[in-house]
Trainee: 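Can you keep this structure in mind? I'll have questions shortly.
Nothing here was measured: the structure is a model prediction, and the numbers come from that model.
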Amino acid sequence: AQSVTQLGSHVSVSEGALVLLRCNYSSSVPPYLFWYVQYPNQGLQLLLKYTSAATLVKGINGFEAEFKKSETSFHLTKPSAHMSDAAEYFCAVDRGSQGNLIFGKGTKLSVKP
Amino acid sequence: GAGVSQSPSNKVTEKGKDVELRCDPISGHTALYWYRQRLGQGLEFLIYFQGNSAPDKSGLPSDRFSAERTGESVSTLTIQRTQQEDSAVYLCASSLERTGYGYTFGSGTRLTVV
C-alpha cells in the first residue's frame, strides 16, 4: 500500500536561506509523486509532480524536487527562501489504479526576516 | 469553469443539523474527490468519483456522511446529524481521468459545528 511520511511538522528558515522539506514514500508500484502548497485560508495548489520522466522536477516559484528511488525520497528544495514562501506544504503519492492521492501530514514553513 | 468552485465558503451549524456542501469541478474533469482537513491535520480522503463508475466511498468516516455526483459535474457532500468532531475544512478537487495529472483543489468549505 502507498504511504507518505513528511519529516518535521514545522520548519523555520531565514529569508535567503536554503529550504529543504523532506518526504519519503512507500509504494508497491512506480509512483507518481506530488508537492502541494497551501497558503492560509486557501485550497491546495500544485507545486510540482514526478511522473517517471526526469528525476529532477522543477516547479513553480523556484521550487524543485528530486526523485531518489534508492532512498524512496522526494524532498522539496528551494535555494533561497522568500517571505512569500511561508505556507504549509504537502507531499502526496498516487494510489495508481485505485484513484486517489494519499497525502502526508504537511510541513509548515516559516520564513524569518 | 476556470477552477474548482465550492460553496458555501463558511458554514456554521448547530449540532444535530444536516448540512450540504457543494462542489463544481473544472469542466471536462472526469474525476472528483472530497477530502477533510481538521485543524492542524493533514488531508483525510473521504470519497472519489470517476466518470460513471461506482464511487470509492472507503474514506467516509461514518454512515452520516454521503456524497452524490450528477454525471461529470456538480457533487454534493451531505453530513447528517452533525457532531462537533465534524468541524473541519472540506476540500474538493477534480482531475483529468488519470491522477498523474494532479488535482486542482477548490478553496474549501469551513464547517463549524456548535
Side-chain angles (χ1 to χ4, degrees), chain A residues 1-10 21 23 25 27 29-54 57-60 63 65 67 74 87-108, chain B residues 2-7 9-10 21 23-26 29-51 53-60 67 69 88-110 112:
Chain A
Q2 286 81 358
S3 67
V4 171
T5 302
Q6 290 184 242
L7 299 177
S9 58
H10 194 186
L21 304 182
C23 173
Y25 70 91
S27 177
V29 297
Y32 285 4
L33 294 159
F34 304 82
W35 276 100
Y36 284 84
V37 60
Q38 186 178 34
Y39 298 102
N41 300 314
Q42 295 187 26
L44 277 73
Q45 179 182 0
L46 180 65
L47 264 182
L48 50 80
K49 61 184 178 184
Y50 167 76
T51 56
S52 74
V57 182
K58 295 187 184 296
I60 62 172
F63 284 93
F67 172 70
F74 190 57
E88 190 154 20
Y89 293 80
F90 293 91
C91 184
V93 65
D94 191 333
R95 282 184 71 199
S97 61
Q98 294 173 295
N100 61 289
L101 296 184
I102 296 175
F103 287 84
K105 293 186 182 298
T107 298
K108 186 165 289 187
Chain B
V4 177
S5 177
Q6 291 188 247
S7 61
S9 55
N10 281 284
L21 312 179
C23 173
D24 275 289
I26 291 174
H29 280 193
T30 58
L32 185 147
Y33 313 82
W34 284 97
Y35 284 81
R36 177 169 71 177
Q37 186 177 26
R38 288 175 163 150
L39 188 63
Q41 301 294 312
L43 275 74
E44 177 186 2
F45 166 71
L46 296 178
I47 188 168
Y48 158 53
F49 295 90
Q50 172 60 64
S53 302
D56 177 355
K57 303 179 181 180
S58 60
L60 294 178
R69 186 180 185 191
V89 175
Y90 289 82
L91 291 165
C92 176
S94 69
S95 72
L96 292 169
E97 181 173 346
R98 182 70 176 92
T99 58
Y101 294 97
Y103 295 178
T104 301
F105 279 87
S107 297
T109 294
R110 182 176 299 277
T112 303

Trainee: Is chain B contacted by the side chain of A:Gln38, its backbone, both, or neither, given a heavy-atom distance below 4.5 Å?
Mentor: side chain
Trainee: Measuring from A:Asp94:CG to B:Ser95:OG, what's the distance to the nearest 0.5 Å?
Mentor: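 Between A:Asp94 CG and B:Ser95 OG, I get 9.0 Å after rounding to 0.5 Å.
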Trainee: What's the verdict on side-chain contact (heavy atoms from CB on, under 4.5 Å) for A:Leu101 and B:Leu43, showing C-alpha distance, side-chain angles and the deciding distance?
Mentor: CA-CA 10 Å; A:Leu101 296 184; B:Leu43 275 74; over 6 Å; no
Trainee: Looking at B:Gln41, B:Glu44, B:Gln37, which has the largest count of heavy-atom pairs under 4.5 Å with chain A?
Mentor: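 The residue among B:Gln41, B:Glu44, B:Gln37 with the greatest pair count is B:Gln37.
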Trainee: How long is the span from the CZ atom in B:Phe105 to the OH atom in A:Tyr36, to the nearest 0.5 Å?
Mentor: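 With rounding to 0.5 Å, CZ (B:Phe105) is 5.5 Å from OH (A:Tyr36).
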Trainee: Would the A:Phe34 and B:Tyr103 ring centres measure less than 6.0 Å apart?
Mentor: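 Judged by ring-centre distance (under 6.0 Å), A:Phe34 and B:Tyr103 do not meet the cut-off.
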Trainee: If you count the non-hydrogen atoms of other residues, nucleotides and ligands that lie under 6.0 Å from CD1 in A:Ile60, is the total more than 12?
Mentor: yes
